[in-house]
There are 2 protein chains.
Amino acid sequence: MARRSDHSREQIKQMALLAGENIVAEYGSTALTARRLASHIGYTVGSLYLVFENLDDVTLQVNARTLDKLSFELDQVVAKQAEPNQCISQLGRAYIQFASNNSHLWNMVFEHRQNENENIPEWYQERINSLFERVELQFGKLIPGQSAQQNALAARALWSGVHGNCVLALTGKLDVVGVENVEKTSDLLIDNFLAGWVSTHQ
Amino acid sequence: MARRSDHSREQIKQMALLAGENIVAEYGSTALTARRLASHIGYTVGSLYLVFENLDDVTLQVNARTLDKLSFELDQVVAKQAEPNQCISQLGRAYIQFASNNSHLWNMVFEHRQNENENIPEWYQERINSLFERVELQFGKLIPGQSAQQNALAARALWSGVHGNCVLALTGKLDVVGVENVEKTSDLLIDNFLAGWVSTHQ
DNA sequence: ACCTGAACACCGTTCAAGT
DNA sequence: ACCTGAACACCGTTCAAGT
């Protein structure tokens, strides 16, 4: 057992988040229990409640890390693609790849249902918005002169759509198997949406 | 306490499913526990395991009812709309309305993650497919002569998209509030997809 | 001051025992 | 034959007590 002052509060927090990430990545979100987490970092359950509000807080913070990793991946794509049409397509591919490569962690992000009486924390909402911004930016390039609001709406419409393809496919509900098939429906969605968008907006 | 032969196995099952539906509708999926369910129908926990495999089985069967209710709503829409373009739009609206009016039940359908070692039961998958079929049918009308496979793909691409808009919006992740705004992004998705689809396929 | 670990009020699931 | 309810192995969360 770790004893007083072996680690700072911040160190314990980071250890716990890393352990949480590993547990979820390997065994899925249901394996993320207080007792397991505590034993992984060499402390007892009680200590977790000194650094986190509760387990939901841990979940949210592990999810934040997952969203950060996803943002990083998407940025790599944006850096490589100049043409907005192509870029949006590649962002879709990257999203699906990420979801499929990190299925347990990615699942936890979208499994999580906020308690009805409390709202999503602001810092968490901002991380989600920042993901959408990467797509909005491409819509801005696609047809210059559109209002920011219209681009935001289009990005949300299309990107939620890609997300929907991803969830249903990866949870087996689309009755298609393998990443290739999600890519197929997602590409179809993106290509047709963009074709429609371009033809009606210029 | 109910005693022997008060109800048949089938009656107990139906009572439990109805009680489960009410519990979830009112208090959300986390409230669906074996003890609560048992006490609602006047039996003890043990009895539940005589008529269901486990709690997951109960969840799946309550979900099946929810999917049936959704199918019914969608059929009403199809019956009223002759023009496929309009019909697909109205199906989207009906989907969002259903999700928003039955948020707890609808949430449970998509919260549920199948155990990794066992697949979705066939009877359950068929219910999902039957939902997609309603959209496929409209794609068949939209541009006659397309292969069934292409219509199935298009229906899955677009409908998963509408679903994605719905989940993200209703779980507060889209940063938009109210049903009106989901309808806005969903309409946008449908309209542009269809415009793209029609323009590239004739 | 920091951390423990027992306690509380819950879970899902099983199965010997009662009627 | 049908159903119970105690038992088992878990949960999340709290907080008096120990070092």
Side-chain angles (χ1 to χ4, degrees), chain A residues 1-17 19-21 23-24 26-63 104 108 111-118, chain B residues 1-17 19-20 23-24 26-63 104 108 111-118 121:
Chain A
M1 279 300 132
R3 292 263 153 222
R4 57 162 85 177
S5 308
D6 268 12
H7 305 98
S8 71
R9 264 170 153 68
E10 188 53 33
Q11 280 178 311
I12 295 179
K13 194 170 181 174
Q14 293 309 319
M15 285 159 62
L17 288 179
E21 203 167 68
I23 291 169
V24 174
E26 187 154 9
Y27 305 103
S29 63
T30 52
L32 188 66
T33 70
R35 284 166 178 82
R36 204 187 310 246
L37 195 53
S39 90
H40 260 74
I41 61 169
Y43 280 81
T44 59
V45 255
S47 301
L48 286 177
Y49 289 82
L50 295 171
V51 281
F52 296 101
E53 255 180 72
N54 48 35
L55 256 204
D56 205 66
D57 188 21
V58 179
T59 298
L60 229 46
Q61 298 206 34
V62 172
N63 283 349
H104 283 152
M108 191 166 79
E111 250 170 37
H112 182 261
R113 296 288 183 272
Q114 197 65 23
N115 223 321
E116 245 159 82
N117 24 20
E118 42 189 317
Chain B
M1 278 301 131
R3 291 263 154 224
R4 55 162 84 179
S5 309
D6 270 9
H7 306 97
S8 71
R9 265 170 152 69
E10 187 53 32
Q11 279 178 312
I12 296 180
K13 194 171 181 173
Q14 292 310 318
M15 284 160 62
L17 288 179
I23 292 169
V24 174
E26 187 154 10
Y27 306 103
S29 63
T30 51
L32 188 67
T33 70
R35 284 167 179 83
R36 202 186 312 245
L37 195 52
S39 89
H40 260 73
I41 61 168
Y43 281 80
T44 58
V45 257
S47 302
L48 286 177
Y49 289 83
L50 295 172
V51 281
F52 296 102
E53 257 180 70
N54 49 35
L55 256 205
D56 205 66
D57 188 20
V58 179
T59 298
L60 230 47
Q61 298 205 34
V62 172
N63 284 348
H104 284 152
M108 190 166 79
E111 251 171 37
H112 182 261
R113 296 288 183 270
Q114 198 63 23
N115 222 320
E116 243 159 85
N117 24 19
E118 42 189 318

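Below, read A as the first sequence line, B as the second, and so on, with proteins coming before strands; counting in each chain starts at 1.
Side-chain contact between His7(B) and Gln14(B): absent, with no pair of heavy atoms (C-beta onward) separated by less than 4.5 Å. Residues His104(B) and Tyr27(B) are not in side-chain contact: their nearest non-hydrogen atoms beyond the backbone lie 4.5 Å or more apart. Between Tyr49(B) and Asp57(B) the shortest side-chain heavy-atom distance does not fall below 4.5 Å.
The CG-P distance, from Leu55(B) to dG12(C), rounds to 5 Å in whole Å. Spacing between atom NE2 of His7(B) and atom P of dC2(D) amounts to 15 Å, rounded to whole angstrom units. Taking atom CG on Leu48(A) and atom C1' on dT13(D), their separation rounds to 11 Å, with Å as the unit. We find that CZ of Phe52(B) is positioned 14 Å from P of dC3(D), with the value rounded to whole Å. Atom-to-atom, CG of Leu50(A) to C1' of dC2(C) comes out at 8 Å; the value is rounded to the nearest Å. Asp6(B) has its CG atom 14 Å from the C1' atom of dA1(D), to the nearest Å. Atom CD1 in Ile12(A) sits roughly 10 Å away from atom P in dC2(C) (whole-Å rounding).
The distance from atom OG1 of Thr33(B) to atom CD1 of Ile23(B), rounded to the nearest 0.5 Å, is 7.0 Å.
Remark on DNA chain D: of its neighbouring residues Arg35(A) and Val45(B), the 5'-side contact belongs to Val45(B), judged by nearest-heavy-atom nucleotide.
Looking at DNA chain C, the stems built from 3 or more consecutive Watson-Crick or G-U wobble pairs, each pair with its key distances under 3.5 Å, are C:4-8 with D:12-16, C:12-16 with D:4-8.
Heavy atoms of Leu37(B) sit nowhere under 4.0 angstrom from any nucleic acid atom. Residue contacts for Ser47(B): at a heavy-atom cut-off of 4.0 Å it reaches a base atom on one of the strands shown.
Remark: Tyr43(A) is in phosphate contact with dC3(C), judged by side-chain N or O atoms under 4.0 Å from OP1 or OP2. Thr33(A) has a side-chain polar atom (N or O) that falls below the 4.0 Å cut-off from OP1 or OP2 of dC11(D).
The side chain of Asn54(B) has dT13(C) as its nearest neighbour among dC2(C), dG12(D), dT13(C).
Listed for the Arg36(A) side chain is a donor-acceptor partner under 3.5 Å among the backbone atoms of Ala31(A). The main-chain N or O of Met108(A) is never found under 3.5 Å from a side-chain atom of Glu111(A) such that the two would form a donor-acceptor pair.
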